[in-house]
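Per chain, numbering begins at 1; letters A, B, ... match sequence-line order.
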Protein chains: 2
Amino acid sequence: MARKTGSHSEITGPRIRAEAQRLFARHGFAAVSMRQIAAAVGVQAGALYLYTPDKEALLFDLLKTHMDGLLAAWAEEPKGEGARARLEAFVRFHIRYNLERAEAVFLSYMELRNLGPENFAVIEGLRKTYETELEAILKAGQAEGVFDLPDSKLATMAIIAMLTGVNTWFRAGGRLSRETVEAIYWDMVRKAVSA
Amino acid sequence: MARKTGSHSEITGPRIRAEAQRLFARHGFAAVSMRQIAAAVGVQAGALYLYTPDKEALLFDLLKTHMDGLLAAWAEEPKGEGARARLEAFVRFHIRYNLERAEAVFLSYMELRNLGPENFAVIEGLRKTYETELEAILKAGQAEGVFDLPDSKLATMAIIAMLTGVNTWFRAGGRLSRETVEAIYWDMVRKAVSA
DNA sequence: GTCTATACAGAGATAGAC
DNA sequence: GTCTATCTCTGTATAGAC
């Protein structure tokens with residue numbers, strides 16, 4: 001049998017990551033084989049190893065790319081003046097950005113345990129950096145006197161868990177638009193932290 | 001080589017479930033082999049099939065048992081009078097019950113996708129039943145005029161996500177006791193839904 | 001850069017001895 | 001009820017042809 005094609009390195013790399021992300025999110029990292037990924041891309045299993053040293057590195061690449069993108073996007077997000085405006089910006093940004101990347105978000109908190117210690121620490125560090133962004137807003141609001149929080153750490157974890165939870169039930173075209181959901185969650189968050 | 005021992009059927013069944021839960025929670029369902037479970041119990045892999053028809057049934061049994069226990073425990077929980085007291089009871093119950101069963105909780109929302117459609121539907125139904133308990137409290141509070149919610153469905157999902165999130169960071173012996181965490185979360189929930 | 005072919009380990013599950 | 005032994009399939013990863 002003849003080989004099917006020639007060189008496609010510029011397109012194959014991104015396609016491998018895209019299919020891997022889709023399959024990992026759907027079935028779980030451990031349940032997906034390199035053969036499955038290769039079949040989805042349309043290459044042989046062996047060919048994947050031209051683009052990644054191993055399966056874990058493929059997962060790490062997906063998680064790292066996602067977290068880097070999240071932090072970069074938040075850095076560029078318009079935030080307004082004052083802790084209250086910044087908190088509203090955070091709430092709306094988190095819901096919107098995560099809903100637009102449901103698979104990557106799902107992976108980032110479900111498949112962390114499949115990373116080795118070094119890779120795990122990198123992703124955890126980025127996550128911590130993101131959480132610190134929110135905590136800084138909450139602390140600033142407390143200093144300004146517009147928020148009243150029993151504990152800024154717990155409030156940070158509570159708000160992020162609540163916002164990320166939207167991904168588990170939201171469906172585009174459902175009862176509520178994303179903008180409406182953003183507004184409702186902002187209302188709940190605003191009340192929960194207000195003085 | 002001689003066999004190690006005789007009959008242990010009354011003790012082996014529960015031990016298999018206990019070790020499976022521990023291993024599934026730690027490494028993920030797909031990453032754990034029947035041989036690993038058998039080794040942890042101290043029997044041979046083939047012996048597991050005297051207690052479960054297959055690996056998925058073992059997972060389903062764990063999830064089903066957990067959800068049944070959760071619903072039964074909530075049914076027996078003292079709740080007090082009025083929506084506000086009932087909501088506080090729910091918040092504290094959810095945090096306490098879930099923290100005491102971290103492995104089972106983790107499995108119940110991480111490994112659902114490893115169930116076949118019928119088993120999946122059973123667990124989803126139980127989860128839905130539990131969510132409806134909270135939503136009923138929120139609706140009652142709205143009728144009583146003590147809560148002000150833009151949307152009872154979203155508030156339900158937001159509160160459950162926020163409360164369940166405690167399991168991801170709480171460590172016994174850490175900065176805050178479980179009771180303190182309960183109180184702080186109740187404070188945030190109370191403010192978020194209050195009129 | 002991709003292919004075929006394959007090495008090697010480990011998976012889930014079953015059969016039959018004891 | 002548990003064991004050993006084994007079937008069959010699938011896993012990750014590599015070697016070497018083209």
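For A:A38, the side chain to side chain contact (heavy atoms under 4.5 Å, CB included) partners two or more places apart in sequence, or in a different chain, are A:V43, A:A45, A:L48. Residues satisfying the side chain to side chain contact (heavy atoms under 4.5 Å, CB included) test with A:R127, not counting sequence neighbours, are A:M67, A:Y109, A:L112, A:E124, A:E131. Residues passing the side-chain hydrogen bond (donor to acceptor under 3.5 Å, both in side chains) test with A:E133 are A:W74, sequence neighbours excluded. Not counting sequence neighbours, the partners of A:E56 by the side chain to side chain contact (heavy atoms under 4.5 Å, CB included) test are A:D54, A:L115, A:N119.
With C:dG12, D:dT2, D:dT12 as the choices, the nucleotide that has an atom nearest any side-chain atom of B:Y49 turns out to be C:dG12. Distance from the side chain of B:A47 is smallest for D:dT2 among the nucleotides D:dT2, C:dG1, C:dA13.
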Kindly list each side-chain donor-acceptor pair under 3.5 angstrom involving residues 152-167 of chain A, sequence neighbours excluded, with atom names and distances?
from	atom 1	to	atom 2	distance (Å)
A:S152	OG	A:E135	OE2	3.1
A:T156	OG1	A:S152	O	2.7
A:T164	OG1	A:H94	NE2	2.9
A:T164	OG1	A:I160	O	2.8
A:N167	ND2	A:N98	O	3.1

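Using a cutoff of 4.0 Å between basic side-chain nitrogens and carboxylate oxygens, A:K64 and A:D61 are not scored as salt-bridged. In summary, A:R84 and A:E88 do not engage in a salt bridge, as defined by a charged side-chain N under 4.0 Å from a carboxylate O.
Put simply, CG on B:L50 is 14 Å from C1' on D:dT4, counting in whole angstrom units. Rounded to whole Å, the distance from NE2 on A:H27 to P on D:dG11 is 12 Å. The nearest whole Å value for the distance from the OH atom in B:Y51 to the C1' atom in C:dG12 is 19 Å. Rounding to whole angstrom units, CG of residue B:L58 and C1' of C:dA11 are separated by 16 Å. For the pair B:K55 NZ and D:dT10 C1', the computed distance is 13 Å after rounding to whole Å. Here D:dT14 presents its P atom at 8 Å from CG of A:D54, a figure rounded to the nearest Å.
Taking every heavy atom of residues 30-37 of chain B and every atom of DNA chain C, pairs under 4.0 Å involve B:V32, B:S33, B:M34, B:R35, by number.
An OP1 or OP2 oxygen of D:dG1 is reached within less than 4.0 angstrom by no side-chain nitrogen or oxygen of B:T12. The shortest distance between the side-chain N/O atoms of B:Q44 and the OP1/OP2 oxygens of D:dT4 is below 4.0 Å.
Nearer the 5' end of DNA chain D, as judged by each residue's closest nucleotide, is the contact made by B:A45, out of B:A45 and A:E56.
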